[in-house]
Amino acid sequence: MDDAKCFAFVRQHRWPEGVRCPACDRSSVIRDGCDDTQPHRQRYRCKACSGRFDDLTGTVLAGHHQPLRVWVLCLYFMGLNLSNRQIALELGLDGSDVQTMTEQLRRGLVAKAPEVELTGEVEIDEVYVVAGHKGQPAAVAKRAGSGAGASWQARRAAARWRRTSRRSLV
Ligand SMILES: [Zn+2]
């Protein structure tokens, strides 16, 4: 599958009823040349809102580390109801990479990952408890107090633990 076919596939998939402006959703769109580095990537201008966009603007395919051809083939195989494992085999990719791609594509070509929204009271804290130290203050204190042998990491961990436990008493 060459670049020309890839972009044709994307257009067909994204705009089955003709190109629409991603900003204002009108169809009064004219072609406006092609991308400087990708000659098959069509650019457009919206006559209604003067917005400019191209085949990939706002899609999960734009600016991704996988080449467009891989995304398009993934989309194509999904249409054939191939499993993630089969797609991974066909594309020579890691199963988890394919899983991420198909999840994104299932949300839609244009859908973006929802932004994280924080509500209510939000606290940010840099304190962490080293695994294995939690619930064992005596062991940590002993290690921290063993003089020259105690590493700075252990002392820091002990300090962190004390700070955390003090806080939990409040
Ligand atoms: Zn527009």
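On a predicted model such as this, the values are computed, not experimentally measured, just so you know.
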Begin from the C-alpha positions of F7 and Q42 and carry the test side chain to side chain contact (heavy atoms under 4.5 Å, CB included) through to its verdict.
CA-CA 8 Å; F7 283 106; Q42 180 71 53; over 6 Å; no

Side chain to side chain contact (heavy atoms under 4.5 Å, CB included) evaluation trace for R106 with M78:
CA-CA 9 Å; R106 264 188 206 105; M78 282 167 73; 3.7 Å; yes

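In terms of hydrophobic clustering, with Ile, Leu, Val, Met, Phe, Trp and Tyr side chains grouped at heavy-atom distances under 4.5 Å, V72 and L89 are assigned to different clusters.
H40 meets the ring-ring contact (aromatic ring centres under 6.0 Å, His included) test with no other residue; sequence neighbours excluded. Among residues two or more places apart in sequence or in another chain, the side chain to side chain donor-acceptor pair (under 3.5 Å) test is passed with T100 by none. Taking the side chain to side chain donor-acceptor pair (under 3.5 Å) definition, one finds that D3 meets it with nothing, sequence neighbours left out. Qualifying salt bridge (charged side-chain N to carboxylate O under 4.0 Å, His left out) partners for R14, counting only residues two or more places apart in sequence or in other chains: none. For R52, the side chain to side chain donor-acceptor pair (under 3.5 Å) partners at least two apart in sequence or on another chain are D32. In this structure F77 satisfies the ring-ring contact (aromatic ring centres under 6.0 Å, His included) test with no other residue, sequence neighbours excluded. Remark: Q66 pairs with no residue by the side chain to side chain donor-acceptor pair (under 3.5 Å) rule, at least two apart or across chains. Here D25 pairs with R20 under the salt bridge (charged side-chain N to carboxylate O under 4.0 Å, His left out) rule; sequence neighbours left out. With sequence neighbours left out, R11 forms a salt bridge (charged side-chain N to carboxylate O under 4.0 Å, His left out) with D55. Partners of C24 under the side chain to side chain contact (heavy atoms under 4.5 Å, CB included) rule, at least two apart in sequence or in another chain, are C21, R26, C46, A48, C49.
Annotation: salt bridge (charged side-chain N to carboxylate O under 4.0 Å, His left out) contacts involving residues 87-98, sequence neighbours excluded, are absent.
Electrostatic pairing of D54 and R41 counts as a salt bridge here, judged by a charged N lying under 4.0 Å from a carboxylate O.
Here the shortest heavy-atom pairing between C74 and T102 reads SG-CG2, 3.8 Å. In plain terms, the two heavy atoms of L56 and A62 that are nearest each other are O-CB, 3.4 Å. When all heavy atoms of V10 and L109 are compared, the closest pair comes out as O-CD2, 4.2 Å. Here the closest heavy-atom approach between residue G108 and residue V60 is recorded as O-CG1, 4.2 Å.
To the nearest 0.5 Å, atom CG of residue L61 and atom CZ of residue R69 are 14.0 Å apart. The CG atom of L75 sits 12.0 Å away from the CD atom of Q104 when rounded to the nearest 0.5 Å. Distance CG/L91 to OH/Y76: 12.5 Å, rounded to 0.5 Å. With values rounded to the nearest 0.5 angstrom, S96 atom OG is found 8.0 Å from Q99 atom CD. Note that the CG atom of L73 and the CE atom of M101 stand 9.0 Å from one another [nearest 0.5 Å].
Other members of the hydrophobic cluster containing V19, listed by chain and number, are W15, V29, Y44, F53; membership follows side-chain contacts under 4.5 Å among ILVMFWY residues, whether direct or relayed.
Within 6.0 Å of atom CZ in R43, more than 12 heavy atoms from other residues, nucleotides or ligands are found, so the atom counts as buried in its surroundings. More than 12 heavy atoms of other residues, nucleotides or ligands shown are found within 6.0 angstrom of CZ on F9.
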